[in-house]
Each structure stands twice: as C-alpha cells, then as structure tokens.
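One-based numbering, in listed order, for ligands and for the atoms of each. This chain uses plain numbering: 1 for the first residue, then up along the sequence. Note that the structure is predicted; figures quoted are calculated from it, not measured.
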Amino acid sequence: MAGKPRLHYVNGRGRMESIRWLLAAAGVEFEEEFVETTEDLEKLRSDGVLLFQQVPMVEIDGMKIVQTRAILNYIAEKHNLYGKDLKERTLINMYVEGTTDLMHMIIMLIFQTPEGKAKEIGHIIDKATTRYFPVFEKVLKDHGQDFLVGNQFSWADVHLLEAILMTEELRSDVLAKFPLLQAFKTRISNIPTIKKFLQPGSQRKPPEDDEFGAKVKKIFNL
Ligand code: GSN
C-alpha cells in the first residue's frame, strides 16, 4: 500500500491550506514537513525536489508534485471530487477559480501595513458580498440541489466552504444576506470528513497573524 501523502510547506495556511482541505475532505490522512527557515527551503532546492524551486510540494503516489493547481487537480481527480464529465469539470474549475481569487486576496493580507489592512478588508468584504457570494447563492437557488455541481459532493463545495469560513473570520456576519449559503455552510460542514477537519487538533491551520507574515517574509526573502 502506498504511504501517506507528505506535504512540504510552511506551518501556516498560504497556498497549501486548500490542499489540506481537499485531502481531508477525501478522507486521506497526510503527513507534513514544515519549511521553518530559509535553510530548510535551500535544502529542498539542493535536493532537486522542487521543480520550480518553490513550495507547495506534495509527495504522493511516487511523485513529487509542485504547482498548487496541479496538486489539487490530481487529488480531486483521484478521489472522484471532480465531476462526472468535461462540462462538470469546467464548471468546477470556474467555481474554484472564483473562490481562489477571493481567498488569494485574504492570503495576501499578511503583506499589508496595519492601515492598508483595514482598508483591504473592507474591499474584500465588498467583493465577497457583491461579486462572489451572489454567484453561488444563485447557483444553489437555480438548481435547488445540495451541492454546487452535478448534485454530487465535489472540490467546488470544499473550496467554497473554505472561502466562506475565511471570509467570516474577517466579518462574522458576511453571509447575513445569503440564506442558501448559510444552509450550504451547515450542510457541507457536517459531512463527516469535513466535520473532523473542522475540529480542534486537526491539521487545519489557524488564521494568519503578523508574526506568521514576518516569518514568511524571512523564509522566502520577500
Ligand atoms: O501555485 C503555485 O504553487 C506556484 N504557481 C507558486 C508557488 C509560490 O509562489 N511559492 C512560494 C511560497 S508560497 N507563497 O506564495 C515560493 O516558493 N516562493 C519562493 C520563490 O523563489 O518563488
């Protein structure tokens, strides 16, 4: 039997968190090796295991996969979370890219000054409530199903729940005007694998703070 996937990244959310979410949703146990210093990163580079000299990198099924999107595609496809045909996969891709755009704005907050941060949070909440969440509220309303695509649990559902929870950490009432998304959040959070990941002590990482931002800047020489 193949060993557990091994994740190489810093000990924080960043680009790896969606990978952790997807593995957890698929019920796959994984191990993590944290890059804590520039020397750790240099060691991976000199070992020749980072194709583009960057993390995330995931060792899985005899491969050392880099590029977040390639890693996520592999896990989604392998665990049947990627729709039943090309059209469903394309819908999932569109939904995931939209939620990724929203999450990317949140991830980048660690690089803001304190004043810039407050302003950027306002901008993110505005975009979440006028651009991204209305799309998913309408999708759920129009088809009346439990899941975003194909009446079946998929990567799109996992990714949207992650984005909702991240946005709620910035503004707890951000779903106030989105009743179907509130119900979606409860429903997806109660899927056993996800419920487990949401419990304390899981490999889910906490919200990123200034200390983490400083550490990342140091490791990656930003
Ligand atoms: O999506 C991806 O995995 C790549 N397109 C980008 C990966 C990336 O930028 N990784 C950063 C650390 S994670 N923060 O965003 C990285 O390894 N930076 C060091 C470098 O030399 O680029």
Side-chain angles (χ1 to χ4, degrees), residues 5-26 28 30-79 81-82 89-90 92-113 116-117 120-121 123-124 127 132 155-156 158-163 165-167 169-170 203-222:
R6 194 164 182 80
L7 279 46
H8 298 265
Y9 197 67
V10 292
N11 186 6
R13 290 182 179 177
R15 294 178 197 264
M16 190 65 100
E17 191 68 355
S18 294
I19 296 169
R20 298 183 184 107
W21 266 88
L22 197 58
L23 284 168
V28 178
F30 57 89
E31 293 169 351
E32 301 196 78
E33 191 152 321
F34 297 123
V35 172
E36 296 285 0
T37 61
T38 309
E39 289 70 38
D40 292 344
L41 182 64
E42 283 307 327
K43 169 85 172 60
L44 287 171
R45 286 173 172 162
S46 63
D47 287 348
V49 296
L50 303 181
L51 191 64
F52 298 110
Q53 319 304 320
Q54 295 174 315
V55 288
M57 187 272 276
V58 173
E59 295 182 67
I60 183 169
D61 298 337
M63 297 179 288
K64 292 182 173 61
I65 316 182
V66 295
Q67 291 295 349
T68 311
R69 183 66 203 222
I71 298 164
L72 288 164
N73 285 355
Y74 182 79
I75 298 163
E77 184 92 42
K78 178 174 175 176
H79 295 285
L81 293 166
Y82 210 178
R89 278 202 295 286
T90 302
I92 291 169
N93 285 338
M94 288 198 295
Y95 295 163
V96 163
E97 289 302 322
T99 45
T100 299
D101 287 347
L102 173 60
M103 284 198 269
H104 189 69
M105 290 192 278
I106 300 174
I107 289 171
M108 297 311 281
L109 279 173
I110 56 169
F111 300 114
Q112 290 279 348
T113 59
K117 197 170 177 175
E120 183 60 12
I121 289 175
H123 172 71
I124 292 169
K127 276 283 179 287
Y132 297 106
W155 174 18
V158 181
H159 214 62
L160 178 57
L161 178 63
E162 183 189 356
L165 297 182
M166 276 175 85
T167 315
E169 285 167 356
L170 302 179
Q203 284 159 297
R204 185 175 177 224
K205 301 296 176 266
E208 293 168 348
D209 57 14
D210 292 343
E211 195 185 328
F212 176 74
K215 188 170 154 184
V216 165
K217 282 182 202 157
K218 198 163 169 219
I219 295 172
F220 296 105
N221 206 11
L222 299 169

Validation: residues 214-222 side-chain donor-acceptor distances under 3.5 Å, sequence neighbours left out:
{"residue": "Lys215", "atom": "NZ", "partner": "Glu36", "partner atom": "OE1", "Å": "2.7"}

Within reach of ligand 1, part of Tyr9 (heavy-atom separation under 4.0 Å): side chain
Check: Arg13 side chain, Lys205 main-chain N or O, donor-acceptor pair, under 3.5 Å: yes
For atom 21 (O) of ligand 1, closest protein heavy-atom neighbour: Arg45 NH2, 2.9 Å
Heteroatom distance test (Thr68, ligand 1): nitrogen or oxygen, under 3.5 angstrom: yes
Side-chain donor/acceptor of Glu208 to backbone N/O of Gly213, under 3.5 Å: no
Nitrogen or oxygen of Phe220 less than 3.5 angstrom from that of ligand 1: no
Gly98 backbone acceptor or donor facing Asp101 side chain under 3.5 Å: no
Option set Val10, Leu222, Val55, criterion heavy-atom distance to atom 7 (C) of ligand 1, minimum: Val55
Protein heavy-atom partner closest to atom 14 (N) of ligand 1 - residue, atom, separation in Å: Arg15 NE, 3.4 Å
Closest protein heavy atom to atom 22 (O) of ligand 1, given as residue, atom name and distance to 0.1 Å: Gln54 NE2, 2.8 Å
Identity and distance of the protein heavy atom lying nearest atom 5 (N) of ligand 1: Gln67 OE1, 2.6 Å
Pro56 to ligand 1, any heavy atom closer than 4.0 Å: yes
Asp210 with Lys117: basic N within carboxylate O range, under 4.0 Å: yes
